[in-house]
Enquirer: 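Here you go, one structure.
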There are 2 protein chains.
Amino acid sequence: MRKPPAKPPIIPEDINIDVLEDTLSFYIRSINLAVSRDLDERLEGLDVAKGTGKITTLLLVDDYPGIRPSVIAHLILKDRSAMGRLIDQMEGHGLLRREISPDDSRAQELYITEAGAALAVKIREIVPKQSRDFFSFIPEDEQRLVMDILRRAYRRIVGLP
Amino acid sequence: MRKPPAKPPIIPEDINIDVLEDTLSFYIRSINLAVSRDLDERLEGLDVAKGTGKITTLLLVDDYPGIRPSVIAHLILKDRSAMGRLIDQMEGHGLLRREISPDDSRAQELYITEAGAALAVKIREIVPKQSRDFFSFIPEDEQRLVMDILRRAYRRIVGLP
DNA sequence: GCAATTGGTGGATAATAGCAACTAATTTTT
DNA sequence: AAAAATTAGTTGCTATTATCCACCAATTGC
C-alpha cells in the first residue's frame, strides 16, 4: 500500500513564473527533483538508491571489468573523493571489489561481484522503465527527441565523442 | 580570474553507458548537476546562490505580493518545512518579509523588500543568460523545442494548467 | 635523479533532505 | 455550538551529500 494519495495540495491559480518560463535550466533543475524522488521510491531497499552515481557505477563496472574509479567519477560528474566514498559504500554492500592495478600501483581496478551483477540485472529493468513511466505523458517521439538532444549535451559536458 | 582550465582529465575512450543511453531520467539528473554548478558560480556572492528555490521564490514574491509560502513550496517542489527555512534565510538577508495574513491568521503573506526587488532585477538578467550560455552548443530551435516539452512536464508535475 | 603530475584517501565543514511531532487557526460535521 | 478533522507554518533531529584541502604514493618527464 502506498501513502494516502498525498492530498492534492492548494490549487494555485494561473501563475506565471517570470523569466524562468523560458529558462531551460529551470526546467532541468525542477524536473530533476521530481524524477529523482520518484526513482528513489522505486529503488527503495535496493542499496543503490539515493543520489546520482551508484547506478551508473554499477552498470559501468559490470560492463567494463577493471574500469578505474577516476573514469567513472568523470562520467558521473563527481570528484575523486566523492567517488571514493561511493565505492566504499558499494564495496561495503558487496556489489563490487577493488584491486590495485598491476600496471599502475596507485590506480585501482573495479570488478563486479555476483551480488553486483545480479543487482545490475534488476537495475536494467527498473531504471529505464521508471523513466518511461515517469514521462509517460510525453508522447514517445517527443521523449526520444528530447533524449537525443540531451544526450548530446551530456556527452559534450563529460567530453565523450 | 577563473580557475586554471581545470585540466582536461583522462579522456575516456568510447564508453557506452548501457541502458542509461536511452534513459531520459539519466540525462536530466546528470545535466542537472552540471548546470546547477555552473549557475552557482555565476551567482557567487549574490545570496541567492546554492540550491533550488531561492530564485523562483524571489521572482514569485516580486511578481505576486502577498503570495503564500505554501504556494511557492508547491511550485518549487519542497515541503513546508524546507520552505520555511528558505524564507528564514531570505528574510535574514533582507530580501523579503513576512506578514500574517489578515484573512487567515495561521497563513503568511510574503512581500519583497527594496533589496529583494533590486536583486530580482539582476537575477532576471543573469539566470536566463546563464541557461542560454550553458546550452549554447545546442541550436536555438532545438533548445526551444526541448523547453516546450519540459515546460509541459513541469506544469504537469506541479499541477499547473 | 628531481620536479611535476596523477590516482586515490581522509578530514572537516557546511548544506539539504526528509521525517515526525507540535501549535494554532480554521472548517466541517453532527 | 461543540467536537473532530484539516490546514499553515515551525522546530528538532538524523542522515546523506557535497566541497575543499591537504596529503601520500606512484609515475612520468626532463
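Below, chain A is the first sequence line, B the second, and so on; all start at residue 1.
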Enquirer: Rounding to an integer number of Å, can you tell me how far L39(A) CG sits from dG18(C) P?
Expert: 13 Å

Enquirer: Nearest nucleotide by nearest heavy atom, which residue falls closer to the 5' end of DNA chain D, M83(B) or K54(A)?
Expert: M83(B)

Enquirer: According to a strict under-4.0 Å criterion, is S70(B) in side-chain N/O contact with OP1 or OP2 of dG9(D)?
Expert: yes

Enquirer: Answer yes or no: is there a donor N or O on one side and an acceptor on the other, between the side chain of R155(B) and the main chain of P161(B), under 3.5 Å?
Expert: yes

Enquirer: Would you kindly give the CG-to-P distance between L77(B) and dG18(C), to the nearest whole Å?
Expert: 10 Å

Enquirer: Quick check on DNA chain C: between I87(A) and L33(A), whose nearest nucleotide comes earlier from the 5' end?
Expert: I87(A)

Enquirer: Is it the case that the base of dG12(D) and the side chain of R85(B) share a donor-acceptor contact (distance under 3.5 Å, atom types as modelled)?
Expert: yes

Enquirer: Using atom CG of L86(A) as one end and atom C1' of dG8(C) as the other, report the distance to the nearest whole Å.
Expert: 14 Å

Enquirer: Within less than 4.0 Å of OP1 or OP2 of dA24(C), is there a side-chain N or O belonging to S105(B)?
Expert: no

Enquirer: Output the rounded distance in Å from CD1 (I76(B)) to P (dT16(C)).
Expert: 12 Å

Enquirer: Between Y154(A) (side chain only) and L75(A) (backbone N and O only), is there a donor and an acceptor less than 3.5 Å apart?
Expert: yes

Enquirer: Rounded to whole Å, please give me the gap between CG in D79(B) and P in dA20(C).
Expert: 12 Å

Enquirer: Take atom CZ of R80(A) and atom P of dA25(D), then tell me their distance rounded to the nearest Å.
Expert: 16 Å

Enquirer: Would you check if the side chain of T23(B) reaches a backbone N or O of F26(B) as a donor-acceptor pair within less than 3.5 Å?
Expert: no

Enquirer: By nearest heavy atom, map S101(A) and K78(A) onto DNA chain D; which one lands nearer the 5' end?
Expert: K78(A)

Enquirer: What nucleic acid atoms does A82(B) come within less than 4.0 Å of, heavy atoms only: base, sugar-phosphate, or nothing?
Expert: nothing

Enquirer: Would you check if the side chain of S131(A) reaches a backbone N or O of L24(B) as a donor-acceptor pair within less than 3.5 Å?
Expert: yes

Enquirer: So which nucleotide from dG8(C), dG18(C), dT19(D) ends up closest to the side chain of R37(B)?
Expert: dT19(D)

Enquirer: Once you apply a heavy-atom cut-off of 4.0 Å, does E109(A) come out as touching a base, just sugar-phosphate, or nothing?
Expert: nothing

Enquirer: Taking atom types as modelled and ignoring hydrogens, do the side chains of T113(B) and R97(B) form a donor-acceptor contact shorter than 3.5 angstrom?
Expert: no

Enquirer: Please state how far atom CD1 in I100(B) lies from atom C1' in dT7(D), giving the value in whole angstrom units.
Expert: 16 Å

Enquirer: From the set dG12(D), dG9(D), dG8(C), return the single nucleotide nearest to any side-chain atom of Q108(B).
Expert: dG9(D)

Enquirer: Any protein N or O atoms within reach of nucleotides 28-30 of chain D? Criterion: under 3.5 Å, listing atom names and distances.
Expert:
none

Enquirer: Do D40(A) and R42(A) sit within salt-bridge range, that is, some charged N less than 4.0 Å from a carboxylate O?
Expert: no

Enquirer: Look at the side chain of D18(B) and the backbone N and O of L20(B), then say whether any donor-acceptor pair between them is shorter than 3.5 Å.
Expert: no

Enquirer: Within the pair Q89(A) and dT17(D), is there a side-chain N or O less than 4.0 Å away from OP1 or OP2?
Expert: yes

Enquirer: Does R98(B) make a side-chain N or O approach to OP1 or OP2 of dT10(D) shorter than 4.0 Å?
Expert: yes

Enquirer: Name the residue from T56(B), L60(B), V158(B) that meets the side-chain contact (heavy atoms from CB on, under 4.5 Å) definition with I76(B).
Expert: T56(B)

Enquirer: Can you tell me the distance, in whole Å, between the CD1 atom of I67(B) and the P atom of dA8(D)?
Expert: 14 Å

